[in-house]
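Inspection log for the structure reproduced underneath, given as C-alpha cells.
Order of listing sets the numbers, starting from 1, for every ligand and every atom in it.
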Amino acid sequence: MTETMEKMDANDLKYQSGFGNTFESEALEGALPAGQNNPQECPFGLYAEQLSGTAFTRPRSENTRSWLYRAHPSVQHSEMVPSALGGLGMSKTETKRAYEVDPNQMRWQPRPVPKISEKAITFLEGIEVVGKSGDPTQKHGLAIYNYVANASMVRQSMTNADGDLLIVPQMGAMRVQTEFGIMRVEPNEICVVQRGMRFRVAFEGEENRGYMLEIFSGHFRLPDLGPIGANGLANPWDFQTPVAHYDAEDDSNGSEEWTGYTKFGGRMFEMSQRFSPFNVVAYRGNYVPYKYDLRKFNCMNSVTYDHPDPSIYTVLTCPSSEPGTAVADFVIFPPRWMAMEHTFRPPWFHRNTMTEYMGMIWGEYDAKKGGFVPGGSSLHSCMSPHGPDAATFERFSDPAKVDTTSPAFFDGGLAFMFETTFMLELSDAARTSPHREFTYQQCWADMPASFDPKAKPPASRADNLLAWRASRASNGAKRQKRA
Ligand SMILES: [Fe+2]
C-alpha cells in the first residue's frame with residue numbers, strides 16, 4: 001500500500017495556507033493530543049516525536065519545531081552506512097568530488113532527460129551538483145544542483161541533515177511525499193523541504209528536469225519589505241503546507257523494506273526500515289515543508305525611470321550574519337509590466353559582489369536573444385561582468401525599435417536566480433559538462449563601439465533631465481489627445 005500517493009487524485013491533496021504559521025493537522029480525528037505535546041499515552045497508540053528546526057533556545061520569533069505523532073518512531077532503523085550514492089549529485093563510483101573556482105561567465109544548455117527504457121533514473125540518482133561553497137559540517141555555505149529524472153523513488157526516503165532544499169521543477173510535475181503530507185509541485189511552482197525532514201519524490205510523467213538550492217545555515221524566510229510596506233512580493237498566505245497523510249502498512253508486522261538515505265556532512269548514508277517513514281498521523285508546529293506558486297508573486301517595479309536592482313524580485317531569502325546580505329536569495333523574473341520611460345529596460349551591464357546562478361523555467365530571458373533556454377542555466381560569479389547580449393542591447397537602446405513612452409507587458413518567460421554572497425566552487429562535472437556553452441562570451445563580442453568624442457555633447461546634465469521632462473510632458477499631451 002506504500003504507493004498510495006501516486007494513485008491519489010491531485011484534487012485530493014489538501015493544504016493549509018500561510019508562511020511561518022503554527023499549523024495543526026490530523027489525518028485521523030483525535031490523533032493530536034489535546035492541550036499538551038507528549039502525554040503519558042498518545043491517542044491511537046501513536047509515538048510523539050519532536051523535530052527541531054532551530055536550537056531549543058533560539059529567540060521565540062525565530063524558533064521553529066514541530067511535534068509529530070507517528071505509528072513508529074523514526075529512530076527504528078538499521079545502522080546508517082555509507083551509501084553507494086556517494087554524495088548528492090555524485091555518481092555511484094565517486095567518493096569525493098573535485099571542485100574548482102573559475103571566474104568565467106558560464107552558460108549551460110539543458111541536460112537531456114534519458115528515456116526510461118534506456119535507464120531508470122530517480123530524483124536522487126538524477127541530481128548533478130553545479131557548485132558549492134562552505135561546509136555543511138560547519139553549517140556555513142550552500143550548494144546548487146540540477147536534476148533530470150524519469151522514475152519515481154519507490155520505497156525510498158531521503159533526509160538532508162545538511163540544510164534546507166528548495167526545489168524548482170522546470171519540466172514535469174512532481175509529488176513530494178513528506179512526513180507532513182504530500183505536495184504536488186509543477187513547473188511555475190517551487191517547494192522547500194527543510195533540514196531533517198524525510199521525503200521522497202514521485203513523478204507524474206517520465207520527462208522531469210529542474211534545479212535545486214541547498215543552504216547549510218539557517219532557513220528560508222520572506223524578505224523584509226522596507227518602504228514597500230506590509231504587502232507585496234510573495235504574500236505569506238500564498239504558501240501552502242500539506243495536511244497530514246500517512247501510508248497504511250501492508251501488514252501489522254512491519255515487513256516492508258524501505259531504504260532511507262541521509263545526507264550528512266556532504267556524504268550519503270543509507271539504512272533500512274521495515275515500515276514506511278511516512279507514518280505521521282498528526283502533527284502540530286511551525287517547522288514544516290511548503291510550496292509556493294510563482295504566478296502569485298506580486299511584482300514591484302519602477303513606474304518612472306530606471307531599472308531597480310533585482311532584489312526587488314526576491315521570493316525567499318536566507319540571511320547571513322551580515323545585515324542585508326544573503327546566504328542565498330531566490331529571485332524570479334516573472335511576466336510583468338515594464339513602464340520605465342527614457343530607460344534601457346532590460347537588465348543593465350553590471351558587476352555584482354554577489355554570485356548569480358540563473359535558470360530558465362520557460363520562454364526567453366529579456367536580456368538574452370536566444371542561448372539561455374528553458375532547462376538551461378548560467379553563472380555570473382562575484383565581480384565577473386555581464387549584462388545584455390549585443391542583439392538585446394542594440395534593440396532596446398534604439399528608440400525607433402523600442403518605444404519607452406508607453407508601458408509594455410513582458411510575457412516572454414520566467415527566469416529565476418539563486419544569488420549568494422559566497423563564491424561558488426564549481427564541480428568538475430559542471431565545468432567540463434558536454435552541455436556547457438564554451439562560446440558563451442561571444443554573445444558580447446559584437447557590442448558596437450559607438451563612443452564618439454566628437455558627437456554633439458548634451459549641454460549639461462540639467463539639460464538631459466530637462467529633455468526627459470519635456471518628453472514626459474509631450475507624452476502627457478499625447479495621452480490627453482488620445483483621450
Ligand atoms: Fe546579474
Side-chain angles (χ1 to χ4, degrees), residues 101-109 130-131 133 142 144 146 166 168 170 211 213 223 233 294 297 299-302 306-318 320 322 324-336 338 340 343-397 410 412-426 430 436-437 439-445 447:
V101 291
D102 186 331
N104 278 298
Q105 303 88 346
M106 296 189 192
R107 190 160 71 186
W108 294 268
Q109 295 301 301
V130 176
S133 189
L142 85 166
I144 291 174
N146 56 48
L166 187 156
V168 186
Q170 181 267 319
Y211 311 85
L213 170 63
L233 306 190
L294 302 172
F297 189 75
C299 213
M300 303 283 156
N301 211 331
S302 166
D306 279 358
H307 196 292
D309 288 321
S311 46
I312 198 76
Y313 305 123
T314 303
V315 180
L316 289 167
T317 184
C318 172
S320 74
E322 186 179 351
T325 306
V327 170
D329 285 325
F330 173 64
V331 176
I332 59 169
F333 303 96
R336 62 201 181 275
M338 308 277 237
M340 309 84 96
T343 296
F344 179 78
R345 284 180 176 173
W348 15 239
F349 293 106
H350 58 291
R351 290 175 292 163
N352 191 349
T353 188
M354 307 283 278
T355 290
E356 307 176 10
Y357 174 84
M358 285 188 67
M360 197 75 209
I361 296 167
W362 59 269
E364 198 171 60
Y365 185 52
D366 60 346
K368 296 286 188 303
K369 194 80 201 131
F372 184 42
V373 300
S377 51
S378 68
L379 176 70
H380 303 114
S381 286
C382 171
M383 293 304 167
S384 295
H386 57 287
D389 61 17
T392 305
F393 179 80
E394 193 269 326
R395 175 173 152 70
F396 282 88
S397 302
F410 170 76
L414 175 60
F416 73 89
M417 177 163 70
F418 298 152
E419 191 184 50
T420 172
T421 188
F422 296 108
M423 285 185 181
L424 216 55
E425 296 172 78
L426 287 171
R436 183 175 160 195
E437 196 184 333
T439 56
Y440 176 39
Q441 280 150 329
Q442 290 302 310
C443 76
W444 295 291
M447 283 294 168

Measuring to the Fe ion (ligand 1), does His386 have an N/O/S atom at a distance below 2.8 Å? yes
The Fe ion (ligand 1) is nearest to which N, O or S atom of Glu356? OE1
For the Fe ion (ligand 1), the closest N/O/S atom belonging to His350: NE2
Kindly check if the number of other-residue, nucleotide or ligand heavy atoms within 6.0 Å of CE (Met338) is above 12? yes
Exercise: do Ser377 and Tyr211 side chains pair donor with acceptor under 3.5 Å: no
Could you tell me if Asp329 and Thr317 have a donor-acceptor pair between their side chains, going purely by distance under 3.5 Å? yes
Evaluate the criterion ring pair (Phe, Tyr, Trp, His ring centres under 6.0 Å) for residue pair Tyr440 and His386; output intermediate values, then yes/no. CA-CA 11 Å; Tyr440 176 39; His386 57 287; 9.2 Å; no
